[in-house]
Every structure is written in C-alpha cells, then in structure tokens.
Student: 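Just dropping this structure here.
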Amino acid sequence: MSTFDVKSEINGKVWKIVTKPGDVLEEDEDILILESMKMEIPVAAPVEGKLLEILVAEEETVIEGQVVAVIEEA
C-alpha cells in the first residue's frame with residue numbers, strides 16, 4: 001500500500017484533533033480542525049485509508065503546505 005501526505009491548505013493554529021492514528025477514514029472525513037482569523041477550517045482526508053500518523057499537536061501553528069498527517073491508502 002502507498003502512503004499519502006495530508007497538507008494544510010492555510011496558515012493557522014490547530015484548534016482540535018478529531019481522529020487518532022489507527023482510525024480508518026473515508027474520503028473527505030475530518031482529521032483535524034484549524035483556526036484562522038476566528039474561523040474553523042477542517043482538514044479532511046483526501047483519500048480513503050488508515051490514519052498512520054498525526055504530525056501536529058493542538059495549539060500548534062501550521063503553515064500552508066505543511067504536512068499534518070499521513071494516511072495509508074486503502
């Protein structure tokens with residue numbers, strides 16, 4: 001199986017992580033939620049598969065293009 005890097009599409013702060021490594025995700029299922037300019041923006045799984053790793057922590061600041069999670073494609 002191949003892996004897929006999930007990247008942030010915006011600059012922001014990790015507000016809440018809603019999944020954990022080992023979870024099986026559907027395509028477009030939320031992994032975590034970023035906060036930017038007082039708005040909550042979900043980061044969703046771009047592919048179906050198993051969440052291998054979350055590379056950020058709540059309250060951490062991320063930049064656009066930063067890899068925030070890794071999924072093993074189903």
Side-chain angles (χ1 to χ4, degrees):
M1 292 280 173
S2 61
T3 60
F4 192 89
D5 291 339
V6 181
K7 298 179 181 179
S8 172
E9 295 180 3
I10 62 164
N11 296 330
K13 182 172 70 172
V14 179
W15 179 70
K16 185 174 184 179
I17 297 173
V18 296
T19 57
K20 63 186 180 310
D23 286 354
V24 176
L25 305 173
E26 298 293 324
E27 185 174 352
D28 294 326
E29 186 173 343
D30 291 348
I31 298 171
L32 54 88
I33 300 171
L34 298 177
E35 179 183 49
S36 180
M37 298 181 354
K38 304 214 184 244
M39 294 177 60
E40 296 172 7
I41 297 102
V43 176
V47 295
E48 181 180 333
K50 180 179 172 183
L51 182 62
L52 295 179
E53 189 174 13
I54 296 177
L55 303 173
V56 294
E58 289 183 0
E59 301 297 317
E60 184 175 336
T61 299
V62 298
I63 59 170
E64 182 179 350
Q66 179 177 341
V67 177
V68 296
V70 179
I71 295 175
E72 180 180 61
E73 292 185 81

Student: Within a 6.0 Å radius of atom CD on E27, are there more than 12 heavy atoms belonging to other residues, nucleotides or ligands?
Tutor: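 Buried by this count: over 12 neighbours within 6.0 Å.
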Student: Applying salt bridge (charged side-chain N to carboxylate O under 4.0 Å, His left out), can you list everything that pairs with D23, at least two apart in sequence or on another chain?
Tutor: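 In terms of salt bridge (charged side-chain N to carboxylate O under 4.0 Å, His left out), with neighbours along the sequence ignored, D23 is linked to K20.
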Student: Do I41 and M37 sit in the same hydrophobic cluster, where Ile, Leu, Val, Met, Phe, Trp and Tyr count as joined when their side-chain heavy atoms come under 4.5 Å apart?
Tutor: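 No, I41 does not connect to M37 through the hydrophobic network.
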Student: With the threshold set at 4.0 Å, does a side-chain nitrogen-carboxylate oxygen contact exist between K16 and E58?
Tutor: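 Salt bridge absent between K16 and E58.
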Student: Looking at residues at least two apart in the chain, or sitting in another chain, which of them share a side chain to side chain contact (heavy atoms under 4.5 Å, CB included) with E29?
Tutor: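 Side chain to side chain contact (heavy atoms under 4.5 Å, CB included) check on E29 returns L25, E26.
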Student: Kindly list each side-chain donor-acceptor pair under 3.5 angstrom involving residues 60-74, sequence neighbours excluded, with atom names and distances?
Tutor:
| unit_1 | atom_1 | unit_2 | atom_2 | d |
| --- | --- | --- | --- | --- |
| E60 | OE1 | A57 | N | 3.0 |
| Q66 | OE1 | I63 | N | 3.1 |
| E73 | OE2 | S2 | OG | 3.0 |

Student: Under 4.5 Å side-chain heavy-atom separation, chaining through any Ile, Leu, Val, Met, Phe, Trp or Tyr, what else clusters with I33? Say none if it is isolated.
Tutor: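 Besides I33, the cluster holds W15, V18.
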Student: Identify, with sequence neighbours excluded, every residue that meets side-chain hydrogen bond (donor to acceptor under 3.5 Å, both in side chains) alongside K7.
Tutor: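 K7 satisfies side-chain hydrogen bond (donor to acceptor under 3.5 Å, both in side chains) with no other residue.
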Student: Do you know which of D30, I31, V43, L32 makes side-chain contact (heavy atoms from CB on, under 4.5 Å) with I17?
Tutor: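 Among the candidates, only L32 passes.
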Student: Closest heavy-atom contact between I54 and T19?
Tutor: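 Between these two residues, the closest heavy atoms are CD1-O, 3.6 Å.
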Student: Would you mind listing every side chain to side chain donor-acceptor pair (under 3.5 Å) that reaches into residues 32-54, with sequence neighbours excluded?
Tutor: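 For residues 32-54: none.
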